[in-house]
Structures are given as structure tokens and as C-alpha cells.
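To start, the structure under review is shown below, and the notes come after it.
Sequence lines set the chain letters: A, B, ... in the order given, protein chains first and strands last, and positions in each chain run from 1. Quick note: numbers below take in every heavy atom, side chains included, and nothing from hydrogens, waters or symmetry partners. As the structure is a prediction and not an experimental result, all values here were calculated from the model.
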Number of protein chains: 2
Amino acid sequence: MKELIAKYKEQGFRLTPQRLAILEYMDGNTSHPSAEDIYKHIKAAYPTVSFATVYNTLQALKDKGEILEITIDPQKKHYDPNPKPHHHIICMGCNKIGDIFEDYSEALRLPHHIVSEFKPVANHINFYGICKYCQKKQKRRN
Amino acid sequence: MKELIAKYKEQGFRLTPQRLAILEYMDGNTSHPSAEDIYKHIKAAYPTVSFATVYNTLQALKDKGEILEITIDPQKKHYDPNPKPHHHIICMGCNKIGDIFEDYSEALRLPHHIVSEFKPVANHINFYGICKYCQKKQKRRN
DNA sequence: TATTAGATTAGAATTATTCTAATCTATATA
DNA sequence: TATATAGATTAGAATAATTCTAATCTAATA
Ligand SMILES: [Mn+2]
Ligand SMILES: [Mn+2]
Ligand SMILES: [Zn+2]
Ligand SMILES: [Zn+2]
């Protein structure tokens with residue numbers, strides 16, 4: 001975290017209290033928060049913070065490659081402070097997102113006709129499932 | 001297509017001209033249109049068609065398992081008349097989406113700690129790349 | 001301490017999607 | 001074929017996520 005801050009300063013990334021709060025909230029956070037989750041959290045300490053700041057900061061961090069934007073929840077984007085390529089599983093009940101650090105890249109060979117149409121850059125596997133909590137909820141309903 | 005219509009009638013799925021137009025447009029369509037793409041196309045033949053009808057019909061077809069909703073473009077949902085599980089590659093330049101029918105399921109084993117937290121239901125691989133057209137465009141810029 | 005490029009803010013705008021409630025119609029049945 | 005009606009369509013409002021704007025503020029530098 002301190003190294004992070006030093007690194008950002010070097011890069012001329014101005015460190016404002018709002019940005020520090022966002023960085024602190026994200027640091028090591030494995031909950032894959034949405035912009036709103038982040039906004040609400042930061043707002044507790046900085047009541048005048050705006051969504052624009054949250055989105056601007058997320059965009060800046062994304063551009064730097066420090067966070068990932070996750071496209072798995074059809075409702076909204078989620079953000080991941082772990083930029084190391086990995087995969088996700090989302091609960092179809094409550095949208096909770098889990099990390100999957102398995103490396104499947106060897107197996108994900110693309111067919112030739114695709115490679116001749118697209119230059120592949122990255123890949124990301126979305127697993128869909130039901131979390132333990134939602135499994136219980138389902139049973140209760142039956 | 002005719003079988004499709006027969007099948008829907010059996011199921012009590014009322015066949016309106018708007019729905020037929022949507023079905024015809026989707027049938028065999030590999031372009032992964034968005035709701036707006038579909039709306040614009042249908043509107044040419046049925047100028048009073050509404051977005052609500054497009055979304056309602058897509059929802060109904062999704063519920064029947066006849067189409068897939070694709071979460072790969074962070075901007076909007078795309079729809080796929082091919083409900084057979086398969087994967088996609090999206091061009092990071094123009095958002096064009098291609099099909100990948102490779103079967104990777106054997107390789108996509110989840111680690112135990114995930115399986116004990118989530119009951120897996122499905123998976124979908126998003127490949128990201130640059131299509132030929134956008135590759136050319138990039139070169140032109142250099 | 002003064003300067004200023006860049007950041008923050010409130011609120012408006014935009015975009016995708018869903019909702020509402022009035023009207024219409026595909027289908028079943030007499 | 002005419003009628004009844006459950007279900008579909010519609011225009012437009014509402015909602016939700018995200019982006020934009022332009023006025024104000026401030027972190028970093030000198
Ligand atoms: Mn993650
Ligand atoms: Mn497809
Ligand atoms: Zn859940
Ligand atoms: Zn392209």
C-alpha cells in the first residue's frame with residue numbers, strides 16, 4: 001500500500017484524500033465492488049464525494065492497469081484490485097463474485113478460422129453458479 | 001423456422017407479427033445483435049413497434065431457452081439465437097462478436113474450495129481481441 | 001506562499017433497460 | 001363467422017448505471 005502510494009506519486013498521479021480512500025478500500029479487497037459499493041463506502045468518510053470522482057479514479061486506475069473492470073454481472077460493472085489475470089464465478093442468486101486463480105490458458109486454444117479473423121489479446125472465463133447461502137435459501141422455499 | 005412456429009403455438013406462445021419478425025430476424029443470425037439492433041430492424045417493417053415489445057420478446061425467448069443473453073460488451077447486452085453453449089470473442093475496437101464452438105469443458109475444472117462454496121451451473125469464456133478490420137485501422141493510424 | 005495543472009463537485013445528460021396502464025388482437029369457442 | 005378474453009403491444013414515464021459539464025478547489029511544485 002505504501003509502495004503503491006510512492007509509485008503513484010512517481011507517476012504524477014495526484015494523491016487526494018478521496019483517491020487514498022478508494023485505494024485503501026480496494027487494497028486487498030476480494031469482494032469485487034461496484035462503483036456504487038465504493039461510492040457508499042467512501043461517502044462515509046467524505047460525505048461530499050461524488051460518483052464522478054469514483055468513476056474517474058476507477059478509470060485512471062484501469063488505465064494504469066492497477067485494477068480490472070469485470071463484465072460478468074449484466075446489471076453493472078464490478079472492479080477488482082487484483083490485476084493479475086484470473087477468472088470469476090458469480091452466484092446467479094445474489095451476484096456474489098468469487099475468484100478463480102486456476103490457469104486454463106494452455107487449454108484455451110482458439111480454432112484457426114478465429115485466429116485468422118481476430119488477433120487474440122486476452123480471455124476471461126465467467127463461471128455461473130449458486131453460492132452456499134443461496135442454495136440454502138432455495139431449499140427453504142421448497 | 002416453420003417448426004419453431006409450430007413449437008411456439010403448442011406452447012401457447014402467441015404469435016404476433018412483431019414476434020414473427022423478431023424470430024425471423026434472429027433465426028440463423030450470427031451477428032449477436034443488441035436490443036437496439038433488433039428494434040431498428042423490426043421498426044423498418046413495423047414502424048410502431050416499441051422497445052418494450054423487443055425486450056419482452058427477448059425475455060420470453062430467453063425463458064424458453066431459445067436464445068442466450070450475452071454479457072461480454074460492457075455497454076449493453078447482446079442476444080444470440082444459438083442457445084447451444086458456446087463461447088465468444090469480442091473485438092476491442094468495434095465490439096464485433098464472433099462465435100467459438102470449441103468445447104473446453106473438460107479443461108475447465110474448478111478448484112475444490114470453489115466447488116464447496118458454489119454449485120457450478122454453467123460457464124462462458126470471453127475472448128478479447130482485435131478484428132482484422134480494426135487491425136488495419138490501427139496500422140493506418142501509425 | 002503563490003501558482004497552476006489537474007482533481008473534485010453538484011447536478012444535468014445520456015444510455016440501456018424496465019415499468020405502467022391504456023389499448024389492441026391472436027386464439028379459442030360458440 | 002362473431003365474440004370473449006388472456007395475453008400482447010404501445011407510448012411514454014421511470015429507473016439505474018454511467019458519463020459529461022463547467023465552476024470551484026487543491027496537491028504538488030517552486
Ligand atoms: Mn477477481
Ligand atoms: Mn454466439
Ligand atoms: Zn448467492
Ligand atoms: Zn473490430
Side-chain angles (χ1 to χ4, degrees), chain A residues 4-23 25 32-64 66-79 95 97, chain B residues 4-23 25 32-64 66-79 95 97:
Chain A
L4 242 191
I5 290 170
K7 187 171 64 176
Y8 287 139
K9 281 204 172 180
E10 272 172 36
Q11 295 180 20
F13 184 70
R14 196 173 287 185
L15 284 170
T16 65
Q18 296 89 335
R19 284 185 173 176
L20 281 177
I22 294 174
L23 286 172
Y25 178 61
H32 306 90
S34 65
E36 194 191 4
D37 296 332
I38 298 165
Y39 172 73
K40 279 181 176 160
H41 182 88
I42 304 313
K43 187 146 182 135
Y46 298 90
T48 67
V49 77
S50 74
F51 259 110
T53 294
V54 172
Y55 279 110
N56 287 345
T57 302
L58 290 171
Q59 182 62 52
L61 294 174
K62 198 164 42 130
D63 290 347
K64 287 183 186 308
E66 298 291 345
I67 66 172
L68 293 179
E69 187 179 279
I70 312 254
T71 305
I72 187 173
D73 178 349
Q75 301 311 302
K76 50 190 153 187
K77 294 170 189 165
H78 291 255
Y79 297 89
N95 291 350
I97 297 171
Chain B
L4 241 191
I5 291 170
K7 185 172 67 179
Y8 287 139
K9 281 205 173 181
E10 273 172 36
Q11 296 181 19
F13 185 69
R14 196 173 287 184
L15 284 169
T16 65
Q18 295 90 336
R19 284 184 173 176
L20 282 177
I22 294 174
L23 286 172
Y25 178 61
H32 306 90
S34 65
E36 194 191 5
D37 295 333
I38 298 167
Y39 172 73
K40 278 182 176 159
H41 182 88
I42 303 312
K43 187 146 181 133
Y46 298 91
T48 67
V49 79
S50 74
F51 258 110
T53 294
V54 172
Y55 278 110
N56 287 345
T57 302
L58 290 171
Q59 183 62 53
L61 294 174
K62 199 163 41 131
D63 290 348
K64 288 182 185 309
E66 297 292 344
I67 65 172
L68 293 179
E69 188 179 280
I70 312 252
T71 304
I72 186 172
D73 178 350
Q75 301 311 302
K76 51 190 153 186
K77 294 170 188 163
H78 291 255
Y79 297 89
N95 291 353
I97 297 171

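- Note: A:F13 and A:Y8 have tilted aromatic rings, judged against thresholds of 30 and 60 degrees for the angle between ring planes.
- Nearer the 5' end of DNA chain C, as judged by each residue's closest nucleotide, is the contact made by A:G12, out of A:G12 and A:T48.
- For the pair B:Q18 and B:V49, the tightest heavy-atom approach, listed with the atom from each and the gap, is CG-CG2, 4.0 Å.
- In this structure, CZ of A:F13 is placed 19 Å from P of C:dA5, rounded to the nearest angstrom.
- Residue A:H78 is tested with A:D37, A:D73, A:T71 for a side-chain hydrogen bond (donor to acceptor under 3.5 Å, both in side chains); the sole match is A:D73.
- To the nearest 0.5 angstrom, A:I97 atom CD1 is 6.5 Å from A:I70 atom CD1.
- Put simply, NZ on A:K64 is 12 Å from P on C:dG6, counting in whole angstrom units.
- Taking atom OH on A:Y46 and atom P on D:dC25, their separation rounds to 18 Å, with Å as the unit.
- Within the 4.0 Å cut-off from OP1 or OP2 of C:dT9, at least one side-chain nitrogen or oxygen of A:T53 is found.
- Distance A:Q75 CD to D:dT15 C1': 12 Å, rounded to the nearest Å.
- Listed here is the closest heavy atom pair of A:Y39 and A:V54: CA-CG2, 3.9 Å.
- Regarding contacts with the backbone of C:dT18, every side-chain N or O of B:Y55 stays at 4.0 angstrom or more from both OP1 and OP2.
- Interface remark: the A:R14 side chain does form a donor-acceptor pair with the C:dA5 base, using a distance-only criterion of under 3.5 Å.
- Following rounding to the nearest Å, B:K77 (NZ) and D:dA16 (P) show an atom-to-atom distance of 14 Å.
- Position along DNA chain C of the nearest nucleotide to B:Q18 versus A:V49 favours A:V49 as the more 5'-ward residue.
- Using a 4.0 Å heavy-atom cutoff across all strands shown, B:P17 reaches sugar-phosphate atoms only and no base atom.
- Taking atom CG of A:L15 as the reference point, atom C1' of D:dA28 lies 10 Å away to the nearest angstrom.
- Between A:R19 and C:dT8 there is a side-chain N or O to OP1 or OP2 distance below 4.0 Å.
- Rounded to a whole Å, the NE2 atom of A:H78 is 10 Å from the P atom of D:dA17.
- Residue B:T16 has no polar side-chain atom (N or O) positioned under 4.0 Å from OP1 or OP2 of C:dA26.
- With D:dT18, C:dT8, C:dA16 as the choices, the nucleotide that has an atom nearest any side-chain atom of A:K76 turns out to be D:dT18.
- When the nearest nucleotides of DNA chain D are assigned to A:A35 and B:A52 by heavy-atom distance, the more 5′-ward of the two goes with B:A52.
- One can place CZ of A:F51 at 15 Å from P of C:dG11, the figure rounded to the nearest angstrom.
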